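Here's the structure we're looking at; comments come further down.
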Amino acid sequence: MTKTRKRIISILLTLIITLSASLTVMTAPVSATQEGTTTPETETTSNPVVIKVGNITGLKITKASTNYVSLKWNKVKGATGYTILYRNPAKVKTFVKGKNTVNNSITVAELGAACQYDFKVFAYIKSSGKIYNGEPTYISTATNPKKVKGLKLTSSSDNISLKWSKNSVATGYKIYRASAKSNGKYVLYKTVKGKSKNTFTDKSVSKTKVYYYKLKAYKQFGSKSYDSEFSRSVVAVGGLSSVSVSAKSQLSKVSLSWNDIESATGYKVYYATSKDGSYKKLGSTKRNFYTTKKLENGKKYYFKVVPYKTVKDKTINSPKYKTISKTVTNTAFGKSVGDTYIEVSIKEQHMWFYIDGKLYVDTDVVTGNADGYHDTPKGVHSIFSRQSPAVLVGADYRTPVQYWMPFTSSGCGIHDSTWRADWEYGGDTYKYNGSHGCVNTPYSKVAKIYKKAYNGTKVIVY
């Protein structure tokens, strides 16, 4: 290589090195200082923001009904709100979103009755447009079955029987009873297992004792029972059963009688014109017999007698009764007596005076002593004499009266009896302190009868 060529190459290398150094100085970053000097800027990397959300604690069920569940938990510090998700594990595996809330409690509604539900609750924080969730906390519970409907008493004789409408999703039923034995408080008395069972018979009852019942349907999930609200209550009296009724008809009335029962305070009497028709109440009595008012002659009527018990001003009716029918007749002892007559019922201790088919006067009386010797004779009689005043004479008595109307040859008649107290009339006085066979009548009533009765007026005693 010639010297000239070497020199040219050396000059070119020097130029290249110089240019490279200049370029390095021009492209290097600089920063200004207060003194006006420049120093290289240090490269920095920013870390992502991390927000930690606390977990739910103290999660519990505060209330559950047939179609909702209420939950509550402790507040989470800094939380914007809370999310609640739930599922019915019998139907779905995944949780569905319930709702969000800013409170630390919520009620999840529109749930199915007697269904199991799983809930999960977590807190969240909202920051810079982003949502940060905490870890969920889980809890399981169930809704309650629906309330038992249709509870009714079907029998209250030696046993007390109940019946109710079936609950198709219930595991069974819990029967609560209140009585004197439980000091009037409802206690769980019996559990009936099986949703298809809707009857119960209580065999542990005493006659005349009062018992109250109400029910809960229950649904079993694992070891836990979920109960419905109480059904309506029913009340029963041990021994308050139906009675056997007999019926007789005469003088256009029907006389009913039945066996007396220890558990009853009294008896209500109803009638209808057909067996399955609408029954109307005729009246009530504490005795075991009852005579109707005049009914339509030749017509068939249906009667029922319902025993009842009065407890603390409340009337408890027997759920059972028997129906009897009778066709009305206007005769007495097989004889026609017309429309004007005096009627005396020994059982009722009552007397009626009808004139031309219309009731003129009626009154309680005291008839002959029921001893087999002084009983007022039954049958169709007639008044054959009228005296005012008069003196009644017997083997051991001489009694003045104001009004005297004899109707038997043996000396039985209708008269006033001012020596008797008002309470003696119409009761059981005749069983132990009756007359010698006459019909003892209050003074004001016999005075009215005397004015209208005449010789020949029929007197029917039965």
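Here the structure is a predicted model, which means the values were calculated and not measured.
The side chain to side chain donor-acceptor pair (under 3.5 Å) with Arg177 is formed by just one residue from the set Tyr212, Tyr211, Tyr189; it is Tyr189. A side-chain contact (heavy atoms from CB on, under 4.5 Å) with Ile342 is found for exactly one of Val439, Ile383, Ile460, Val337, namely Ile383. Between Ile316 and the choices Val234, Thr310, Val237, the side-chain contact (heavy atoms from CB on, under 4.5 Å) rule is met once, by Val237.
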Q: Applying side-chain hydrogen bond (donor to acceptor under 3.5 Å, both in side chains), run through Asn330 and Ser252 and close with a yes or a no.
A: CA-CA 4 Å; Asn330 62 358; Ser252 298; 5.0 Å; no
Q.
One pair to check against side-chain hydrogen bond (donor to acceptor under 3.5 Å, both in side chains): Ser246 and Ser257. What are the steps and the verdict?
A. CA-CA 5 Å; Ser246 61; Ser257 59; 2.8 Å; yes
Q: Decide yes or no on side-chain contact (heavy atoms from CB on, under 4.5 Å) for Tyr82 and Ile106, but give the supporting numbers first.
A: CA-CA 10 Å; Tyr82 307 90; Ile106 196 169; over 6 Å; no
Q | Criterion side-chain contact (heavy atoms from CB on, under 4.5 Å) on Ser241 and Lys320, from CA distance to verdict | A | CA-CA 6 Å; Ser241 58; Lys320 290 281 190 178; 5.9 Å; no
(Q) side-chain contact (heavy atoms from CB on, under 4.5 Å), that's the test. Do Lys314 and Val235 meet it? Break it down for me. (A) CA-CA 10 Å; Lys314 183 178 181 180; Val235 59; 4.2 Å; yes
Q) Could you go step by step and tell me if Val245 and Lys322 meet the side-chain contact (heavy atoms from CB on, under 4.5 Å) rule? A) CA-CA 7 Å; Val245 185; Lys322 295 177 181 177; 5.5 Å; no
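Put simply, the side chain of Lys195 does not reach to within 4.5 Å of the side chain of Val169, judged on heavy atoms. The side-chain heavy atoms of Arg398 and Val391, taken from C-beta on, include a pair separated by under 4.5 Å. Inter-residue side-chain proximity for Ile139 and Thr137 is flagged as unmet; no heavy-atom pair is nearer than 4.5 Å. A 4.5 Å side-chain heavy-atom check between Trp164 and Ile175 finds at least one atom pair inside the cut-off. For the pair Ser204 and Asp202, the minimum side-chain heavy-atom distance is below 4.5 Å. Between Val108 and Ile84, some side-chain heavy-atom pair lies under the 4.5 Å cut-off. A heavy-atom distance below 4.5 Å is not found between the side chains of Thr291 and His350. Side-chain contact check for Glu424 versus Asn433: some heavy-atom pair is nearer than 4.5 Å.
In this structure, Lys253 is positioned above the aromatic face of Trp352, its NZ or CZ under 6.0 Å from the six-membered ring centre and within 45° of the axis. Taking the centre and axis of the six-membered ring of Tyr425, the NZ or CZ atom of Lys445 falls outside the cone set by 45° and 6.0 Å. A cation-pi arrangement is not found for Arg386 relative to Tyr454, the charged atom failing to lie both closer than 6.0 Å to the ring centre and inside a 45° cone about the ring normal. For the pair Lys190 and Phe200, the cation-pi test (distance below 6.0 Å, angle within 45°) is failed. Both tests pass for Lys219 against the ring of Phe221: distance under 6.0 Å to the centre and angle within 45° of the axis. A cation-pi contact, defined as under 6.0 Å to the ring centre and within 45° of the axis, links Lys304 to Tyr270. By the 6.0 Å and 45° rule, Lys216 does not stack over the aromatic ring of Tyr173.
The aromatic ring centres of Tyr267 and Tyr290 sit 6.0 Å or more apart. Under the 6.0 Å cut-off for aromatic ring centres, Tyr403 and Tyr443 qualify, their centroids lying closer than that.
Ser228 and Asn144 share no donor-acceptor pair across their side chains, judged by distance under 3.5 Å alone. Checking Asp227 against Ser225 by side-chain atom types alone, a donor-acceptor pair falls below 3.5 Å.
Nearest heavy atoms, Thr208 versus Ser263: N-OG, 3.1 Å. Considering every non-hydrogen atom in both Gln116 and Asn88, the closest pair reads O-OD1, 3.3 Å. The heavy-atom pair separating Leu151 from Tyr213 by the smallest distance is CD2-O, 4.1 Å. Taking each heavy atom of Ala272 and Ser278 in turn, the nearest pair found is CB-O, 3.5 Å. For Cys438 against Ser435, the heavy-atom pair with the smallest separation is O-OG, 2.6 Å.
Between the side chain of Ser249 and the backbone N or O of Thr329 there is at least one donor-acceptor pair closer than 3.5 Å. Side chain of Tyr462 to backbone of Glu343: no donor-acceptor contact under 3.5 angstrom is found. Between the Asp118 side chain and the Arg87 main chain, no donor and acceptor come within less than 3.5 Å of each other. Distance alone, capped at 3.5 Å, places no donor-acceptor pair between the Ser417 side chain and the Arg420 backbone.
Under a cut-off of 6.0 angstrom, the local environment of CG in Asp313 is sparse, with at most 12 non-hydrogen atoms contributed by other residues, nucleotides or ligands. Lys120 NZ: more than 12 foreign heavy atoms inside a 6.0 Å radius. Atom NZ of Lys209 sits in a sparse spot, with 12 or fewer heavy atoms from other residues, nucleotides or ligands closer than 6.0 Å. The local environment of NZ in Lys451 is sparse, with at most 12 non-hydrogen atoms from other residues, nucleotides or ligands closer than 6.0 Å. Shown here is Tyr432, whose OH atom has more than 12 heavy atoms of other residues, nucleotides or ligands within 6.0 Å. Applying the 6.0 Å contact sphere to OH of Tyr321 captures no more than 12 heavy atoms from other residues, nucleotides or ligands.
Every residue meeting the ring-ring contact (aromatic ring centres under 6.0 Å, His included) condition with His436, not counting sequence neighbours, appears here in chain and number order: His374, Tyr397. Remark: Asp416 pairs with no residue by the salt bridge (charged side-chain N to carboxylate O under 4.0 Å, His left out) rule, at least two apart or across chains.
Taking CD of Glu229 as the start and CG of Leu215 as the end, the distance is 14.0 Å to the nearest 0.5 Å. Note that CZ of Phe289 is 7.0 Å distant from OG of Ser345, once rounded to the nearest 0.5 Å. Taken from CG in Leu392 to CD in Gln387, the straight-line distance is 8.5 Å, to the nearest 0.5 Å. Separation of atoms CG (Asn317) and OG (Ser156) is listed at 10.0 Å; rounding is to 0.5 Å. In this structure, Thr143 OG1 and Leu111 CG are separated by 6.5 Å, a value rounded to the nearest 0.5 Å. Rounding to the nearest 0.5 Å gives a distance of 12.0 Å between OH of Tyr341 and CD1 of Ile355.
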Could you pull out every donor-acceptor pair under 3.5 Å between side chains of residues 63-77 and any protein atom, sequence neighbours left out?
from	atom 1	to	atom 2	distance (Å)
Ser70	OG	Thr107	OG1	2.8
Asn74	ND2	Thr57	O	3.4
Asn74	ND2	Thr57	OG1	3.1

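Aromatic ring pairs are classed by plane angle as parallel below 30°, tilted from 30° to 60° and perpendicular above 60°; the pair Tyr360 and Phe353 is perpendicular.
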